Amino acid sequence: MSNERPGAGLDFVRAIVAEDLATNKWDGRVVTRFPPEPNGYLHIGHAKSICLNFGIAQENEGGRCHLRFDDTNPCKEEQEYVDSIMEDVRWLGFDWGEHLYYASDYFDQLYEWAIQLIKEGKAYVCDLSVEEIRAHRGTLTETGTESRYRERSVEENLELFERMRAGEFEEGSRVLRAKIDMNAPNMHLRDPVMYRILKASHHRTGDKWCIYPMYDYTHGQSDSLEGITHSICTLEFEIHRPLYDWYCEALRIYHPQQIEFARLNLTYTLLSKRRLIELVTEGLVNGWDDPRMPTICGFRRRGYTPEAIRDFCKRIGVAKADSINEIEQLEHCLREDLNKRAPRVMGVLDPLRVVIENYPDDQEEELDAINNPEDASMGARKVPFSKVLYIEREDFMEDPPRKFYRLAPGREVRLRYAYFITCTGVVKDENTGEIVELRCTYDPDTRGGDAPDGRKVKATLHWVSAAHALETEVRIYEHLFTKENPADLDEGEDWRDYLNPDSLQVLPACYVEPSLANAKPGDRFQFERKGYFCVDPDSTPEKLVFNRTVALRDTWANIQKAQQQAK
RNA sequence: UGGGGCGUCGCCAAGUGGUAAGGCAUCGGCCUUUGGCGCCGACAUUCGUAGGUUCGAAUCCUACCGCCCCAGCCA
């Protein structure tokens with residue numbers, strides 16, 4: 001054990017951290033950072049990064065993780081997003097303590113450093129247009145061409161850069177570029193832009209600046225200033241690493257290590273910021289927190305727990321291979337968490353009226369029900385029973401197939417915590433033939449759900465007393481997309497082609513037991529045999545609205561599917 | 001046709017020269033007042049392919065194949 005190499009059994013990022021600790025590379029420090037750009041809401045992919053960065057900090061004595069807003073582009077960034085990001089990181093259960101930073105805090109320092117690079121002949125003001133710069137950059141297989149402004153004198157560069165900062169030039173007319181190598185096979189090294197002119201006011205610095213630093217010129221130096229040890233980002237930044245290193249070296253400043261890992265992908269889900277914004281702005285969903293959205297706030301409203309999301313992030317691991325995780329994995333983590341903590345309750349989504357013929361008309365009684373069989377400390381409650389009930393329509397079949405062992409004519413089943421009932425008749429609508437009511441008898445000796453004679457029953461159904469039930473709205477969600485990988489499109493296809501038209505189903509008249517009367521938005525329950533549900537903020541004192549967080553595993557549905565396929 | 005990465009079970013993912021962990025999914029069985037939960041069992045003679053080195057290779061070498069990323073004054 002003790003002679004194992006440091007990092008054994010850990011993911012490769014944690015292994016690097018462990019190795020660095022073992023060799024004392026950073027004087028025993030572990031400092032990470034989560035650096036979102038405040039131009040959108042956080043999604044489950046960010047959760048992976050958050051759990052990685054904050055997780056590593058937590059796991060190591062004295063470690064810390066900074067929350068830093070990468071706010072270098074005033075055109076796209078807004079305060080609304082910084083607020084939501086902080087809320088979501090906190091909700092996920094992480095705390096950045098005093099370490100809240102903004103890249104814009106470093107604008108002065110970055111400006112000084114730019115002057116330093118100009119003085120050392122490592123940066124120059126370039127007057128080429130956007131189109132010219134693009135043309136000069138060359139292509140993947142052809143080298144670039146040096147700008148005709150590349151050899152300006154230090155004095156001229158200094159003067160021009162100062163005038164850029166003073167607002168004397170038009171947007172797009174000039175940029176500051178690093179003088180690296182137009183022949184570099186890595187395009188990012190072909191004299192990358194450091195500063196561009198943007199006459200936009202910034203959400204934090206206001207109108208102080210009209211030149212703004214680019215990501216590459218900002219990120220590494222921000223890490224450096226904060227004493228970050230491990231700068232963890234996603235794979236697409238791997239090719240930026242030489243530039244990250246170049247700036248730190250050219251500036252001769254503290255140089256953190258950038259490490260790249262594969263971003264999260266989920267089946268039946270799109271996680272690109274661009275797509276998410278379009279879903280919201282095009283009204284394809286009802287806002288960032290629509291329970292169908294893979295955003296943190298969407299999951300929150302849907303009823304997911306931060307524990308489940310963290311557990312998911314822990315289980316999927318961290319590696320460098322592109323991957324797409326199955327949504328079932330996430331749902332498994334969710335069910336496992338909710339199973340332990342969600343109180344059980346009875347709710348009928350698609351009501352079918354049942355009249356117990358031999359039950360006295362005006363009688364009602366209170367039956368004992370367990371709140372959570374997984375946790376005795378959650379206690380018990382009373383549920384009212386009476387002559388007229390509702391059961392789930394799908395729990396009855398007039399002509400049941402093999403293996404269907406719920407209610408059918410002449411068959412006896414148990415009503416959970418109540419009585420055994422036997423179906424004696426079916427009432428249909430004269431015109432449509434639709435079943436509108438079941439006639440049943442009950443066995444008074446089976447009160448509570450057990451038969452004194454030891455008689456067994458194949459099924460236990462959930463139910464609700466019609467006279468006592470609360471009418472509620474229930475929203476059922478399915479995958480937002482019909483395609484496993486909606487990002488993988490053929491020529492001419494649009495991701496919108498794969499939007500699932502049935503991703504939201506509203507059930508306006510469901511019935512739940514009266515104990516739910518005081519449920520508050522955010523409260524989570526298991527509707528026995530149906531799934532986990534949570535109270536939506538759209539609820540009113542008159543009518544509760546529930547979101548189905550996730551259905552229970554449904555073995556019967558799998559059997560039905562198999563039977564269908566067998567035909 | 002340049003450069004940077006990556007390829008281990010349907011999906012994730014351990015494995016760092018000594019003879020393929022684990023989770024999800026799936027399939028059996030047990031249990032059950034949730035067809036839920038739980039429990040038991042099955043599930044890669046094989047690690048992109050082909051050679052080579054070695055007593056021994058998923059791990060080392062060579063070649064090939066496939067996938068991803070890079071030509072924003074976005075991050």
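Since this is a predicted model, take the numbers as computed values, not measurements. Labels below follow one simple rule: chain letters A, B, ... track the order of the sequence lines, proteins then strands, and each chain is numbered from 1.
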How would you label the contact of [X] with the nucleic acid (heavy atoms, under 4.0 Å): base, sugar-phosphate, or nothing?
X      : value
A:R177 : nothing
A:E374 : base
A:S323 : sugar-phosphate
A:T72  : sugar-phosphate
A:R335 : nothing
A:P373 : base
A:K76  : base
A:V318 : sugar-phosphate

Can you tell me which nucleotide in [options] comes closest to the side chain of [X]?
X      : options             : answer
A:V193 : B:G35, B:C73, B:G7  : B:C73
A:I324 : B:G35, B:C73, B:C12 : B:C12
A:I316 : B:C12, B:A75, B:A71 : B:C12
A:K403 : B:C6, B:A75, B:G35  : B:G35
A:D11  : B:A14, B:A75, B:G36 : B:A14
A:F404 : B:G7, B:C74, B:G35  : B:G35

Within the supplied structure, the quantity of interest is the number of heavy atoms (other residues, nucleotides, ligands) at a distance under 6.0 Å from [X] [atom1]; does it exceed 12?
X      : atom1 : answer
A:K458 : NZ    : no
A:Q79  : CD    : yes
A:K273 : NZ    : yes

Atom-pair distance ([atom1] on [X]; [atom2] on [N]), nearest Å:
X      : N     : atom1 : atom2 : result
A:I16  : B:U16 : CD1   : P     : 17 Å
A:R263 : B:A75 : CZ    : P     : 15 Å
A:Q526 : B:G35 : CD    : P     : 10 Å
A:W246 : B:G3  : CH2   : C1'   : 19 Å
A:F527 : B:C37 : CZ    : C1'   : 19 Å
A:L189 : B:A71 : CG    : P     : 14 Å
A:R315 : B:C24 : CZ    : C1'   : 8 Å

Does the ring of A:Y215 meet both stacking tests against the six-membered base ring of B:A75: centre distance under 5.5 Å and plane angle under 30°?
->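 Aromatic stack with B:A75 absent for A:Y215.
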
Write down the partner of [N] under the Watson-Crick or G-U wobble criteria, each distance required to be under 3.5 Å.
N     : answer
B:A75 : none
B:U26 : B:A42
B:U16 : none
B:G66 : B:C6

Nucleic acid contacts of residues 325-334 of chain A, taken as heavy-atom distances under 4.0 Å to RNA chain B |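 Within residues 325-334 of chain A, the residues near RNA chain B are A:N325, A:E326, A:E328, A:Q329, A:H332.
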
Does the side chain of A:L367 come within less than 4.5 Å of A:R381's, by heavy atoms?
->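 Contact flag for A:R381/A:L367 side chains = no.
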
Considering only heavy atoms from C-beta outward, does the side chain of A:L270 approach that of A:P294 to under 4.5 Å?
->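 A:L270 does not reach A:P294 side chain to side chain.
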
[atom1] atoms of [N] and [M], separation to the nearest Å:
N     : M     : atom1 : value
B:C30 : B:G23 : C1'   : 23 Å
B:A75 : B:C69 : C1'   : 15 Å
B:G22 : B:C9  : P     : 15 Å
B:G2  : B:C43 : P     : 45 Å
B:G10 : B:A44 : C1'   : 12 Å
B:A63 : B:A25 : P     : 43 Å

Relative to each other, are the rings of A:H202 and A:Y212 parallel, tilted or perpendicular (30° and 60° limits)?
->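 Rings of A:H202 and A:Y212: parallel, as their planes differ by under 30°.
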
Parallel, tilted or perpendicular: ring planes of A:H240 versus A:Y215, cut at 30 and 60 degrees |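 The arrangement is perpendicular - the two ring planes meet at more than 60°.
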
Any N/O donor-acceptor pair, A:E336 side-chain to B:G23 base, under 3.5 Å =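 Such a pair does not exist between side chain and base.
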
Could one point to a donor on the side chain of A:R553 or the base of B:G35 with an acceptor on the other under 3.5 Å away?
->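 For A:R553, whose side chain was compared with the base of B:G35, there is no donor-acceptor pair (under 3.5 Å).
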
With nearest nucleotides of RNA chain B determined for A:Y532 and A:D450 from heavy-atom distances, which residue corresponds to the more 5′ nucleotide?
->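 Looking at the nearest nucleotide for each, A:D450 comes out on the 5' side.
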
Residue whose closest nucleotide on RNA chain B lies nearer the 5' end, A:Y405 versus A:L128 =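 Its nearest nucleotide lies further toward 5', so the answer is A:Y405.
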
Starting at the 5' end of nucleotides 65-70 of chain B, put B wherever the base has a protein heavy atom under 4.0 Å, S where only the sugar-phosphate does, and a dash everywhere else.
-> ---SSB

Is there any salt bridge (charged side-chain N to carboxylate O under 4.0 Å, His left out) pair reaching into residues 138-147 of chain A, and which pairs are they, with sequence neighbours excluded?
->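 Every salt bridge (charged side-chain N to carboxylate O under 4.0 Å, His left out) pair that includes a residue of residues 138-147 of chain A, provided the two are not neighbours, is A:E146-A:R150.
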
Could you tell me whether B:G72 is syn or anti, where syn means a glycosidic angle within 90 degrees of zero?
->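 Classified syn.
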
Ignoring hydrogens and angles, state whether a donor on the side chain of A:E331 or A:Y304 is under 3.5 Å from an acceptor on the partner side chain.
->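 No - no donor-acceptor pair under 3.5 Å links their side chains.
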
Report the distance from atom CD of A:E328 to atom SG of A:C333, rounding to the nearest 0.5 Å.
->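 SG of A:C333 is found 12.0 Å from CD of A:E328.
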
Kindly confirm or rule out a cation-pi arrangement of [X] over [Y], judged by NZ or CZ under 6.0 Å from the six-membered ring centre and within 45° of its axis?
X      : Y      : value
A:R68  : A:Y101 : no
A:R204 : A:Y102 : yes
A:R165 : A:Y111 : yes

